Peer 1: 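Below is a structure I'd like to ask you about.
No hydrogens, no waters, no symmetry mates; every other heavy atom, side chains included, goes into these values. Counting convention: from 1, in listed order, for ligands and their atoms alike. What you see is a predicted model; the values in this text were computed from it and never measured.
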Amino acid sequence: MVHILGIESSCDDTGAAVLQCNEEGIEVCSNVVSSQFMIHERYGGVVPELATRAHLQNIVPVVEEALQQANLSGPDLDAIAVTQGPGIMGALLVGVQVAKSLAFSWGTDLIGVNHLEGHIASIFLDEKAPQDFPFVALLVSGGHSCLYRVESYTDVVLLGATHDDAAGEAFEKAAKMMGLPYPGGVKIDKLSKLGDSSAFTFPRPMLHKGLDFSFSGLKTAFRQTLAQSSYKEGEDSQLLYDLCASFQEAVVDVLWTKARRALRQEDCDTIAVIGGVAANSRLRDVFQTEGTKEGYNVCVPNKTYCTDNAAMIACAGYRHWSQGERSNFSLTASTRMPLRGLRGGSNRRVSGNT
Ligand code: KG4
Ligand code: ZN
C-alpha cells in the first residue's frame, strides 16, 4: 500500500490531499482545498501577488489538515507529488518549495506533476472512471479548452484546442461584463437556472468544422447584445437570468458538438469531461443526456475533482511514481509547461495558464 501526499497551488486554490494506492485501486483519504475567491472577488479575477501571499499563509495548515484527516504523519508517506506548472509563478513556487522541504525532512520521494495531467488524472478518482483506453477527454478550465485522445495514463494526443479564449475565460469575461463577482462561471451557472436559454441566440463559433474552439466571437456578440439591452449592472432581473442562460447554452452547445465529433472521428465510445467548467450543471446535464442517448459512456467526475484540487495531482504523481520516476531537489516551477507524452498540434495553445 502506497501513501501519496498531493500539493496544488498553481492558481487560486491551495490544496493538499492524501491518496492510498495499490494496483487494485485508489482511495482518497483526504482532499482539503482552501479557495481564495473572497480575496479576488472584488478585483474581478485572480491577482497573482495576492494569490501567492494567500498560498504562503494557508499551505502548511492545509497540509496538516490533510494528514490529520488521513490519520497519518509525514514520515508515513511514500511520496509527495506537487504541481510544477503551468500556472502563476509565485503561486507555484510556494507549493514546490514546501513539497521539497517536507520531502527532505521526512525522507519521502518527490514528484513534480503537470497541472493539466492532474486534471486528466482526476477522471480516475471517480467511481465511473473509464475502464479501457483509448477514450476522448475534454479539458475545460480557466486557461484551457482542449480535446485529447487518451491512450494510456501518460500518453495523450491533442485533437483540438482553443484559438483564443478558453471556455472558463469566456464565462469569466461575460460575468465581468454583467458586473457579476468572481468566479463568474459559478455565478452564471446559478443564475441560468432561472433563465430562458432561447431568449437570445448567440453565435456558436467554428461549430461546423474541426475540433478546435474559438470563444472570442461569442464574447464580442455577448458584449453587443448586452449594450443593446436595457440591463443595468447590479440589477437582479429576468433579463439577467436570460442573458446568463443563453450565453451558457452557446458554450455548452459548442463543447458537446465538438466532443461528439471527436468521439466519431476517433471511433471511441467513452468521453470524459474534466476541469473547472466541467462543474457546470448544464454541461453535465447535456453531456449525460445527449451522450447516453447516443450510446456513449460519459464520465464526469464529482464536482470536487473538476475544479483545482490536490487529489488529482497525487493521482497523476502515483502513476509516475509506480513507473519508477522521481524528481530531485533541484525541481523548479514553470509558468508554461507542455504536457508530457503529448503528441500533435504543437502550435496550439496547450500550455500556459492553468
Ligand atoms: O480547473 P479550474 O478550477 O482552474 C484552472 O485550472 O483554470 O477552472 C476554473 C474555471 C474558472 O474559469 C471558473 O469560472 C470555471 O472553471 N468554473 C465554472 C463553474 N465552476 C468553475 N464555469 C461554469 N460553471 C461552473 N459551475
Ligand atoms: Zn486547473
Side-chain angles (χ1 to χ4, degrees), residues 6-15 31 33-37 40-41 44-46 48 51 83-88 91-92 95 113-123 125 137-146 162 165-178 180-193 195 197 215 218-219 244-245 247-255 273-287 300-313 315-316 335-337 339 349-354:
I7 295 182
E8 156 65 32
S9 70
S10 64
C11 190
D12 60 344
D13 292 301
T14 318
N31 185 29
V33 180
S34 165
S35 291
Q36 304 175 4
F37 63 87
H40 305 289
E41 193 174 6
V46 180
T83 305
Q84 201 188 340
I88 297 167
L92 290 165
V113 171
N114 183 307
H115 182 81
L116 303 181
E117 198 184 328
H119 274 301
I120 294 174
S122 71
I123 301 165
L125 294 170
L138 171 68
L139 168 61
V140 270
S141 70
H144 291 82
S145 296
C146 297
T162 183
D165 293 346
E169 209 173 345
F171 269 107
E172 292 306 323
K173 287 178 178 170
K176 208 169 175 178
M177 285 180 220
M178 293 184 281
L180 301 176
Y182 178 84
V186 180
K187 197 80 187 158
I188 289 181
D189 186 353
K190 210 167 149 203
L191 296 174
S192 293
K193 294 197 168 85
S197 61
F215 290 106
L218 169 61
K219 181 182 65 187
C244 288
F247 175 82
Q248 177 178 270
E249 198 62 22
V251 176
V252 171
D253 189 16
V254 170
L255 295 175
V273 198
I274 47 187
V277 181
N280 182 272
S281 354
R282 179 68 185 146
L283 179 147
R284 298 172 81 88
D285 194 29
V286 167
F287 272 71
V300 193
N302 186 297
K303 287 185 187 182
T304 333
Y305 300 133
C306 290
T307 46
D308 287 350
N309 66 88
M312 67 184 196
I313 302 302
C315 185
T335 53
R336 295 186 167 269
M337 194 178 170
L339 209 47
R349 191 176 156 194
V350 290
S351 59
N353 299 330
T354 56

Peer 1: Decide whether the shortest distance between a heavy atom of His119 and an atom of ligand 1 is less than 4.0 Å.
Peer 2: yes

Peer 1: Atoms of ligand 1 less than 4.0 Å from Ser141 heavy atoms?
Peer 2: 1 (O), 5 (C), 6 (O), 7 (O), 8 (O)

Peer 1: So, taking the atom named SG in Cys244 and the one named CE in Met178, what distance separates them when rounded to the nearest 0.5 Å?
Peer 2: 3.5 Å

Peer 1: State whether the shortest distance between N or O atoms of Pro183 and N or O atoms of ligand 1 falls below 3.5 angstrom.
Peer 2: no

Peer 1: Please, which pairs that meet salt bridge (Lys or Arg N to Asp or Glu O under 4.0 Å) have at least one residue in residues 180-192, sequence neighbours excluded?
Peer 2: Asp189-Lys193

Peer 1: From the options Lys190, Glu172, Lys187, select the one whose nearest heavy atom is closest to atom 14 (O) of ligand 1.
Peer 2: Glu172

Peer 1: Look only at interatomic distance and state if Gly185 has a nitrogen or oxygen under 3.5 Å from any nitrogen or oxygen of ligand 1.
Peer 2: yes

Peer 1: Using a strict cut-off of 4.0 Å, indicate which atoms of ligand 1 neighbour a heavy atom of Asp189.
Peer 2: 24 (N), 25 (C), 26 (N)

Peer 1: Compute the minimum heavy-atom distance from His115 to ligand 1 and say whether it is under 4.0 Å.
Peer 2: yes

Peer 1: First locate atom CG of Leu283, then atom CG of Asp253, and finally report the distance between them rounded to the nearest 0.5 Å.
Peer 2: 11.0 Å

Peer 1: So, taking the atom named CE in Met337 and the one named CG in Asn114, what distance separates them when rounded to the nearest 0.5 Å?
Peer 2: 4.5 Å

Peer 1: Could you pull out all residues at least two apart from Phe287 that satisfy ring pair (Phe, Tyr, Trp, His ring centres under 6.0 Å)?
Peer 2: Trp256

Peer 1: Please could you name the atoms of ligand 1 that Gly168 approaches to less than 4.0 Å, counting only its heavy atoms?
Peer 2: 12 (O)

Peer 1: With the Zn ion (ligand 2) as the reference point, give the N/O/S atom of Asp308 that is nearest.
Peer 2: OD1

Peer 1: Tell me which one of Asp13, Thr14, Thr307, Asp308 satisfies side chain to side chain donor-acceptor pair (under 3.5 Å) with Ser35.
Peer 2: Asp13

Peer 1: Can you check whether Asn280 has an N/O within less than 3.5 Å of an N/O in ligand 1?
Peer 2: yes

Peer 1: Should Gly142 be counted as touching ligand 1, given the test is an N or O pair under 3.5 Å?
Peer 2: yes

Peer 1: For Phe215 and Ala170, which heavy atoms make the closest approach, and how far apart are they?
Peer 2: CB-CB, 4.0 Å

Peer 1: Is the shortest distance from a Lys or Arg side-chain nitrogen in Glu172 or Lys176 to a carboxylate oxygen in the other one below 4.0 Å?
Peer 2: no

Peer 1: What angle, to the nearest 10°, do the atoms NE2 (His115) and NE2 (His119) form about the Zn ion (ligand 2)?
Peer 2: 100°

Peer 1: Can an N or O of Ser281 be found at a distance shorter than 3.5 Å from an N or O of ligand 1?
Peer 2: no

Peer 1: Regarding ligand 1, does Asp308 bring an N or O atom to under 3.5 Å of one of the ligand's N or O atoms?
Peer 2: yes

Peer 1: To the nearest 0.5 angstrom, please state how far the CD atom of Gln84 sits from the CD1 atom of Ile313.
Peer 2: 10.5 Å

